[in-house]
Amino acid sequence: MKTVAVITGGGSGMGFSAAKLMPKDRIIVISGRTLSKLEKSVNELKALGFEAYAYTCDTSDRQSVRELAEYAASLGEVKTGINAAGVSPHMSKAEPLLRINALGTVYFNEEFAKVMKPGSVIVDIASNSAYALPGFMVPKKAFPLADTDPDAFVRKILGKAKIVKDDVKKSGMVYAMSKAFVIWYAKKSAIELGKKGIRVCSVSPGLIATDMGEKEKEDGAYLINLTCEKRMGHVDELGYAIATAADDRNGFLAAVDILVDGGATTHQKEFKNI
């Protein structure tokens, strides 16, 4: 039976870069909201020698994610799941951002685990923004609600952000909390799904030179100066990091977040005076 790799947010950016680095014997399914963008990327993958398909999906909708998982399983054994779909503060208001970034991770991990066999891997994409919030601002007590009562989870997180009045800054705070949740949920999934032989980890990019990264560049410019090399990350550097995390040869890499931000977080937290 053929094996399948599914990448949400795979039509562009680091998701598409990771797709191009998948094993050539793996069927690639890339998903996103815009079919025309996906089809263009599929054609490029086919030109590289992949068997590739496009499938539209709204990761904030569990049924949409379930249909994606079922479609992928109809093509072969789903071996790799990379959830790179996400939106930034300049792309969305706080609530839809939270539903896509956080609840989308829940739906992806849960629905894909249903069609995966032992030896499979899920890689969730978080962000170094998750490390920027002070500990008291990360509402971890509300995180388990995402499994049991998603609407209550959303209310709790949005309630925490009410102290910020500016819409973009509020979305920025919710973004950081949503990505802190992704890291937490990936670790939780790793422990739970590891019993089924499914490996889970997360990758946290820093400021990357993608369309999304350029939109956030003005507010995140200080992060560039905190990196060791004083630059934004290249999209293919992140694609390689994601593909490496998903590689079958990394079978003992689980329940951990891989921080790929050029050293910015370490500089800020541990070496401020350098």
Side-chain angles (χ1 to χ4, degrees), residues 1-10 14-16 18-32 38 45 50-86 100-126 146-148 150 181-203 239 241-258:
M1 178 182 289
K2 292 185 176 181
T3 56
V4 182
V6 180
I7 305 171
T8 66
M14 65 187 80
F16 182 55
K20 292 186 287 185
L21 292 167
M22 290 292 104
K24 281 289 178 65
D25 63 350
R26 201 148 293 182
I27 297 172
I28 309 298
V29 177
I30 57 172
S31 79
L38 295 173
L45 288 170
F50 288 99
E51 181 179 350
Y53 301 92
Y55 196 92
T56 56
C57 177
D58 174 3
T59 56
S60 69
D61 180 342
R62 182 187 285 274
Q63 180 59 31
S64 183
V65 178
R66 181 178 295 128
E67 290 171 0
L68 172 63
E70 291 172 349
Y71 171 74
S74 74
L75 299 174
E77 180 184 339
V78 182
K79 190 82 171 176
T80 306
I82 298 171
N83 185 29
I100 292 168
N101 292 356
L103 293 182
T105 301
V106 175
Y107 303 152
F108 186 88
N109 289 15
E110 290 186 350
E111 295 303 323
F112 273 84
K114 294 175 183 177
V115 301
M116 285 178 157
K117 295 179 180 179
S120 303
V121 60
I122 293 172
V123 179
D124 295 312
I125 307 304
D147 272 327
T148 59
F181 172 82
V182 172
I183 293 172
W184 177 87
Y185 197 79
K187 291 177 180 178
K188 176 177 180 285
S189 296
I191 293 167
E192 293 176 343
L193 298 180
K195 299 170 186 176
K196 300 179 180 180
I198 301 171
R199 181 170 67 87
V200 186
C201 65
S202 60
V203 174
I242 294 166
T244 302
D247 194 291
D248 293 344
R249 291 167 291 185
N250 253 329
F252 210 47
L253 185 69
V256 66
D257 182 60
I258 303 165

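By the 30° and 60° cut-offs, the orientation of the rings of Tyr71 relative to Tyr55 is parallel. Under the 30°/60° scheme for interplanar angles, the aromatic rings of Trp184 and Phe181 are found to be tilted.
Among Asp124, Ile258, Ile82, Ile183, the one residue that satisfies the side chain to side chain contact (heavy atoms under 4.5 Å, CB included) test with Val203 is Ile258. Val4 pairs in a side chain to side chain contact (heavy atoms under 4.5 Å, CB included) with only one of the listed residues (Thr80, Ile27, Val115), which is Ile27.
Heavy-atom neighbours of Lys117 NZ from other residues, nucleotides or ligands within 6.0 Å: at or below the threshold of 12.
Without hydrogens or angle criteria, Thr8 side chain to Ala84 main chain gives a donor-acceptor distance under 3.5 Å. When atom types are taken as modelled, the side chain of Arg199 and the backbone of Asn250 share a donor-acceptor pair closer than 3.5 angstrom. Side-chain N or O atoms of Ser64 include one that pairs as donor or acceptor with a backbone N or O of Asp58 at under 3.5 Å.
Here CD of Glu70 is found 8.5 Å from NZ of Lys114. Values are rounded to the nearest 0.5 Å. Taking NZ of Lys196 as the reference point, atom CE of Met116 lies at 12.0 Å (rounded to 0.5 Å). Atom OH of Tyr53 is separated from atom CG of Leu45 by 12.5 Å, given to the nearest 0.5 angstrom. Within the model, atoms CG of Asp257 and OG of Ser202 stand 3.5 Å from one another, a figure rounded to the nearest 0.5 Å.
Across every non-hydrogen atom of Asp248 and Arg26, the tightest pair is OD2-NH2, 3.2 Å.
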**Message:** Before you tell me yes or no, could you show the steps for Asn109 and Ser189 under side-chain hydrogen bond (donor to acceptor under 3.5 Å, both in side chains), namely the whole-Å CA-CA distance, both residues' side-chain angles and the distance that decides it to 0.1 Å?
**Reply:** CA-CA 7 Å; Asn109 289 15; Ser189 296; 3.0 Å; yes

